[in-house]
Amino acid sequence: MYIPAAFAEPSLGRLHDFIEQYSFGLIVSQIAGQPFATHLPLLLERDAGRQGTLVGHVARANPHWQAGDDHTVLAVFSGPHAYISPTWYETANVVPTWNYVAVHALGKMHIINDEPTLLEIVSRLAGIYESAQPQPWSVAGESKFIERLLPQIVGFRIPIDVIEGKWKLNQNHPVERREKVARALGRRGDENSLAIAELMQAMLRAEPAATGEDSPPE
């Protein structure tokens, strides 16, 4: 991912937080010489490996796992994003842009076929996403049915070799312009705009002395 220095997020903890918050990811790799992508939820084991490990499963009919054990995959996690109008800067010589946050993780996929481990993966996923339900569904309550389905899926682990984050939030503009953009996003009021405005305001609060001098285009 192209990341100008002003937009790079170096904190592994913050990158892990982001993956857990926006855990529905995109796995991309080469299958038969062509890019192939699968959208799916992913678990993060923060302390497994040098930079964490991603865990998930796909349908056995999905060719993604058939590239074989130990093939390189890219996991993409996308967060809030919003169009930025140049009119909000209230100055000349500016252009439209798009603010967004994203994390990429690169590693080798290791295939999991044993049923006890597959059951653990399915149980953990259900536990996380059902936790907010008033009456959470559980794998244990459907154990016989789940056991019949396990042969239809393939699990995997991806120890992360490279992880990078891009927080593109107008850091290449002076503070005054960034404040105007955050206010404009707040007035627009949709979910993505509010999330980006909140991220921008948090960054401004954390960097009160930043000058925000213009830098090359993003």
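Both backbone and side-chain heavy atoms feed into the values below; hydrogens, waters and symmetry mates do not. Counting begins at 1 with the first residue of the sequence.
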*Asn113 side chain to Arg60 side chain, donor-acceptor N/O pair below 3.5 angstrom*: yes
_If we count only N and O atoms by modelled type, under 3.5 Å, do the side chains of Asn170 and Tyr89 hold a donor and an acceptor together?_
yes
Say whether, by atom type as modelled, one donor and one acceptor occur between the side chain of [X] and the main chain of [Y] under 3.5 angstrom.
X: Asn192; Y: His81; result: yes
X: Glu164; Y: Met1; result: yes
X: Ser23; Y: Ile19; result: no
X: Ser193; Y: Asp190; result: no

Output yes when [X] and [Y] qualify as a salt bridge under the 4.0 Å nitrogen-oxygen rule, no when they do not.
X: Arg157; Y: Asp69; answer: no
X: Lys180; Y: Glu90; answer: yes
X: Arg148; Y: Glu142; answer: no

*asked:* Quick one, Ile153 with Val122, criterion side-chain contact (heavy atoms from CB on, under 4.5 Å). Give me CA distance, side-chain angles, the key distance, then yes/no.
replied: CA-CA 10 Å; Ile153 66 173; Val122 171; 3.7 Å; yes
Using the rule that two of Ile, Leu, Val, Met, Phe, Trp, Tyr join whenever any of their side-chain heavy atoms come within less than 4.5 Å, decide whether [X] and [Y] are in one cluster.
X: Tyr22; Y: Val73; value: yes
X: Val101; Y: Val181; value: yes
X: Ile158; Y: Ile112; value: no
X: Phe18; Y: Ile128; value: no

When you look at [atom1] of [X], are more than 12 heavy atoms from neighbouring residues, nucleotides or ligands closer to it than 6.0 Å?
X: Glu147; atom1: CD; value: yes
X: Gln66; atom1: CD; value: yes
X: Asp114; atom1: CG; value: yes

*asked:* Applying side-chain contact (heavy atoms from CB on, under 4.5 Å) to Met200 and Leu185, what does each step give before you reach the verdict?
replied: CA-CA 10 Å; Met200 293 182 69; Leu185 289 167; 3.9 Å; yes
Over all atoms of both residues, closest heavy-atom pair of [X] and [Y]:
X: His64; Y: Ser29; result: NE2-OG, 2.7 Å
X: Phe36; Y: Pro63; result: CZ-CG, 3.5 Å
X: Ile196; Y: Pro80; result: CD1-O, 3.4 Å
X: Ala6; Y: Gln171; result: O-NE2, 3.3 Å
X: Ile3; Y: Gly165; result: CD1-O, 3.7 Å
X: Asp161; Y: Gly107; result: OD2-CA, 3.7 Å

*Yes or no on salt bridge (Lys or Arg N to Asp or Glu O under 4.0 Å) for Glu45 and Arg124, after CA distance, side-chain angles and deciding distance?*
CA-CA 11 Å; Glu45 296 178 347; Arg124 289 170 61 194; 2.9 Å; yes
Within-4.5 Å side-chain heavy-atom neighbours: [X] and [Y]:
X: Val175; Y: Glu207; result: no
X: Arg50; Y: Pro159; result: no
X: Thr53; Y: Leu44; result: no
X: Gln30; Y: Thr72; result: no
X: Leu54; Y: Leu43; result: no
X: Val154; Y: Leu118; result: no
X: Tyr83; Y: Pro96; result: yes
X: Leu42; Y: Val55; result: no

*side chain to side chain contact (heavy atoms under 4.5 Å, CB included) partners of Asn93, counting only residues at least two apart*: none
*If you measure from NE2 on His57 to CD on Gln152, what distance do you get to the nearest 0.5 Å?*
12.0 Å
*asked:* What's the separation between atom NE2 in His173 and atom CD in Glu179, rounded to the nearest 0.5 Å?
replied: 14.0 Å
*Go through the structure and list residues passing ring pair (Phe, Tyr, Trp, His ring centres under 6.0 Å) with Tyr129, not counting sequence neighbours.*
none
*asked:* Aromatic contact between Phe7 and Trp167, with the criterion being ring centroids under 6.0 Å apart: yes or no?
replied: no
_Phe156 ring center near His110 ring center (under 6.0 Å)_ = no
_Co-members of the apolar cluster containing Val28 [side chain, <4.5 Å]_ = Leu26, Leu74, Val76, Leu106, Val162
*Determine, step by step, whether Tyr100 and Lys166 satisfy the side-chain contact (heavy atoms from CB on, under 4.5 Å) criterion, reporting the C-alpha distance in whole Å, the side-chain angles of both residues, the deciding distance to 0.1 Å, and the verdict.*
CA-CA 8 Å; Tyr100 62 92; Lys166 187 172 184 177; 2.9 Å; yes
